[in-house]
Asks: 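Handing you this structure, nothing more for now.
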Amino acid sequence: MGPKYRAPEGMNDVLPESSHLWQYIEARWREHCHRYGYREIRTPVLEYAELFERSVGETTDIVSKEMYILQRGEERYALKPEGTAPVVRAYIEHSLHSAGSAQKLYYITPFFRGERPQKGRYRQAHQMGAEIIGTAQPSADAELLAMVMHFFQSLGILPEALELRLNTIGCPTCRPAYREAVLQFGRARSAQLCKSCQTRLERNPLRILDCKECVAITTDAPPIDPYLCDECRTHFDTLQQLLKMLDVPYKRDYRLVRGLDYYTRTTFEVIAEQGLGAQNALCGGGRYDGLVEALGGAPTPAVGVGIGVERTLLVLQALEVPMPEPPRVGVYVVAFGEAARPVALQVAQQLRYAGIATDLDLEGRSPKAQMRLANRIGARFAVLLGETELAQNAATVKDLQTHEQTLVSQAELAVWIRNRLQTS
RNA sequence: GGGAUCGUAGCUCAGUUGGUUAGAGCGCCUGACUGUGGCUCAGGAGGUCGUGGGUUCGAGUCCCAUCGGUCCCCCCA
């Protein structure tokens, strides 16, 4: 029996029982990025649709059929389907290059793709991203990858649970020749390729390499290495050396040819064996040396990563990694009798002003129900107010763990409680 | 866009080859304990069995349609 109104398909409410986990992951990401010298950037949830059409690529599924388009008058907007293009747009728009050095920017953002939802894949999902804009040095790629793996580690995910897959897809100088080689390879075996790969072949031949259906055929496809230009080869070699030096394990994956048009050279993803179903990529990213220029900026190399928040959460839960408990109030104020209720509210405020997380009944429940609630929400102390206490401007503080009761004057209440909350 | 699967109380689920007033646990409320939680016990509230048709003397149970969830393909974080 569905309720009359539900959240849109593939879009989820984060309920209080799990919102603290989101806060935790997001706080960790912020901390982590600050530790690596990044600063936060926030961009609108909407951009002019054209931004994504130009950057992500008109022929990609994302742009051709998954974007949420909003038309308002003459303006065509799209809910952002990924995080990088808006950051690059902002970088150009606000001349962030003028800072003189490469910009390290991080963000946390929702993004939207109109696809059938499944485990770990939603129509509104959330991404933690980081971009280094303004350097072509492989040390940027290496630092970014080390940061990402360090981030997962800091959340308590063991390195064995993850696999960093790494590849290079060359640059506009060398990729065309490789593309041609794969195209020839594919054409020669066109009949054996799956249906979608046959159309893929003409549009974006490299994509046949990461088709699961056609692995058996494409396993013999030519590797890119002999086709790489000197610059791309040096970049990739150096990156691999740096990763080894930094003890960041990775696996070369010749099939890792990302979906978005803007990638050059380095591509990577981190996959998890457990916790995610078919959507086992926790994060993905790569170098996009042509994007800033393509969007109207000066030629500016860059590299970036996006980490799925939902997917990270699923992995943490599947691996049973310890995570924080939801916040609890320390004190619950209980009123015995109607006369005590306004005083209870007053006392609760007094405790809150003193910085003590406090709650009380606002529904007129019986004392017993109030006590039950105090216990259930995990409060450490119940502050009891009845005729006896009111007569003395005092309160009975009950320690709900030890059952000890102490009569404390209302004036000293906050200090009395704060001392015990700190020491226990 | 295609496919698989599920849909009984707020939540997790029982409901036998179709057979009277549809059940349990958790949670909620009340009481035992007239101003005191956690344990126990006794009561109570809460359900158009997703919806609409059909078969039947009779449908939660069978058939069809439809809606929704979940998972998978495609694609991607």
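Lettering of chains follows the sequences in order, A, B, ..., and the numbering in each one begins at 1.
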Asks: What does K398(A) touch in the nucleic acid at a heavy-atom separation under 4.0 angstrom: a base, only the sugar-phosphate, or nothing?
Replies: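 Base contact.
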Asks: Only pairs with both distances under 3.5 Å count, Watson-Crick or wobble alike; so what is the partner of U70(B) in this structure?
Replies: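 Pairing partner, where one exists within any strand: A4(B).
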Asks: Would you indicate, yes or no, if U30(B) has its OP1 or OP2 atom less than 4.0 angstrom from a side-chain nitrogen or oxygen of R372(A)?
Replies: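 Yes, because at least one side-chain N or O of R372(A) sits under 4.0 Å from OP1 or OP2 of U30(B).
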Asks: Is any side-chain N or O of Q118(A) closer than 4.0 Å to OP1 or OP2 of U70(B)?
Replies: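 Checking Q118(A) against U70(B): no side-chain N or O falls below 4.0 Å of OP1 or OP2.
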Asks: Students often get this wrong, so: under 4.0 angstrom with heavy atoms, is E82(A) touching a base, only sugar-phosphate, or nothing?
Replies: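 It contacts nothing in the nucleic acid.
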Asks: Which is true for E17(A) with a 4.0 Å heavy-atom rule: it touches a base, it touches only sugar-phosphate, or it touches nothing?
Replies: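 Nothing, no nucleic acid heavy atom in range.
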Asks: Please tell me which of G284(A) and L385(A) maps to the more 5' nucleotide of RNA chain B, matching each residue to the nucleotide holding its nearest heavy atom.
Replies: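 Nearest-nucleotide comparison on RNA chain B picks L385(A).
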Asks: If I pick the C1' atom on U51(B) and the same atom on C6(B), what distance separates them, to the nearest angstrom?
Replies: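 It comes out at 16 Å once rounded to the nearest Å.
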Asks: Can you tell me, in whole Å, how much space there is between the C1' of C71(B) and that of G15(B)?
Replies: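 Approximately 26 Å lies between the C1' atom of C71(B) and that of G15(B).
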Asks: Looking at S366(A), does any N or O in its side chain come under 4.0 Å of the phosphate oxygens OP1/OP2 on U30(B)?
Replies: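 The answer is yes; a side-chain N or O of S366(A) sits under 4.0 Å from OP1 or OP2.
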Asks: Test ring pair (Phe, Tyr, Trp, His ring centres under 6.0 Å) on Y106(A) and Y38(A); report intermediate values, then the result.
Replies: CA-CA 6 Å; Y106(A) 82 88; Y38(A) 288 77; 7.2 Å; no
Asks: Please classify the nucleic acid contact of Q405(A) as base, sugar-phosphate, or nothing, using heavy-atom distances under 4.0 Å.
Replies: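 The residue Q405(A) makes base contact.
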Asks: Using the C1' atom as the point on both nucleotides, what is the distance between G69(B) and C11(B), in whole Å?
Replies: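 Between the two C1' atoms, the distance is 16 Å.
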Asks: Scan residues 144-159 of chain A against RNA chain B and write down, sorted by residue number, each residue with any heavy atom closer than 4.0 Å; if none is found, say none.
Replies: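 Nucleic-acid contacts, sorted: none.
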Asks: In whole angstrom, give me the gap between the P atoms of U36(B) and A9(B).
Replies: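 My reading of the P atoms in U36(B) and A9(B) gives 37 Å.
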Asks: Does C29(B) have a Watson-Crick or wobble partner in any strand here, with both distances under 3.5 angstrom, and which is it?
Replies: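 By the stated definition (distances under 3.5 Å), G43(B) pairs with C29(B).
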Asks: What nucleic acid atoms does F112(A) come within less than 4.0 Å of, heavy atoms only: base, sugar-phosphate, or nothing?
Replies: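 Result for F112(A) = nothing.
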Asks: If you assign G386(A) and L282(A) each to the RNA chain B nucleotide with the nearest heavy atom, which residue ends up on the more 5' nucleotide?
Replies: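 Result of the comparison: G386(A).
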Asks: Give me the distance, rounded to whole Å, that separates C26(B) from C64(B) when you measure between the P atoms they each carry.
Replies: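 Result for the P pair: 39 Å, nearest Å.
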Asks: Identify whether NZ of Lys or CZ of Arg in R252(A) sits under 6.0 Å from the centre of the six-membered ring of Y254(A) and within 45° of that ring's axis.
Replies: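 Because its charged atom sits under 6.0 Å from the ring centre and within 45° of the axis, R252(A) does stack over Y254(A).
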Asks: Counting only heavy atoms not in R54(A), do more than 12 sit closer than 6.0 Å to its CZ atom?
Replies: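 No - once you tally the heavy atoms of other residues, nucleotides and ligands closer than 6.0 Å, there are 12 at most.
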Asks: Any cation-pi pair here, R189(A) with F185(A), using under 6.0 Å and within 45°?
Replies: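 Positive - R189(A) is close enough to the ring of F185(A) and near enough to its axis.
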Asks: Given the P atoms of C63(B) and G44(B), what is the spacing between them in whole Å?
Replies: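 Roughly 37 Å separates the two P atoms.
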Asks: Could a donor-acceptor pair under 3.5 angstrom be found where the side chain of R376(A) meets the base of G37(B)?
Replies: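 By the distance-only test, no, there is no pair.
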Asks: Measure up the W29(A) and H32(A) rings against each other and bin them: parallel (under 30°), tilted (30 to 60°), perpendicular (over 60°).
Replies: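 Rings of W29(A) and H32(A): parallel, under 30°.
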Asks: Going through the distances and angles, do Y77(A) and Y48(A) end up as a ring pair (Phe, Tyr, Trp, His ring centres under 6.0 Å)?
Replies: CA-CA 4 Å; Y77(A) 303 97; Y48(A) 291 115; 5.3 Å; yes
Asks: Measure the spacing between CD1 of I356(A) and CZ of R418(A) and express it to the nearest 0.5 Å.
Replies: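 Answer for the CD1-CZ pair, I356(A) versus R418(A), is 5.5 Å.
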Asks: Report the distance from atom NZ of K119(A) to atom CG of N280(A), rounding to the nearest 0.5 Å.
Replies: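 Here the rounded value is 12.5 Å.
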Asks: Tell me whether the OP1 or OP2 atom of G37(B) has a side-chain N or O from K368(A) closer than 4.0 Å.
Replies: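 Answer yes for this pair, as a side-chain N or O of K368(A) is under 4.0 Å from OP1 or OP2.
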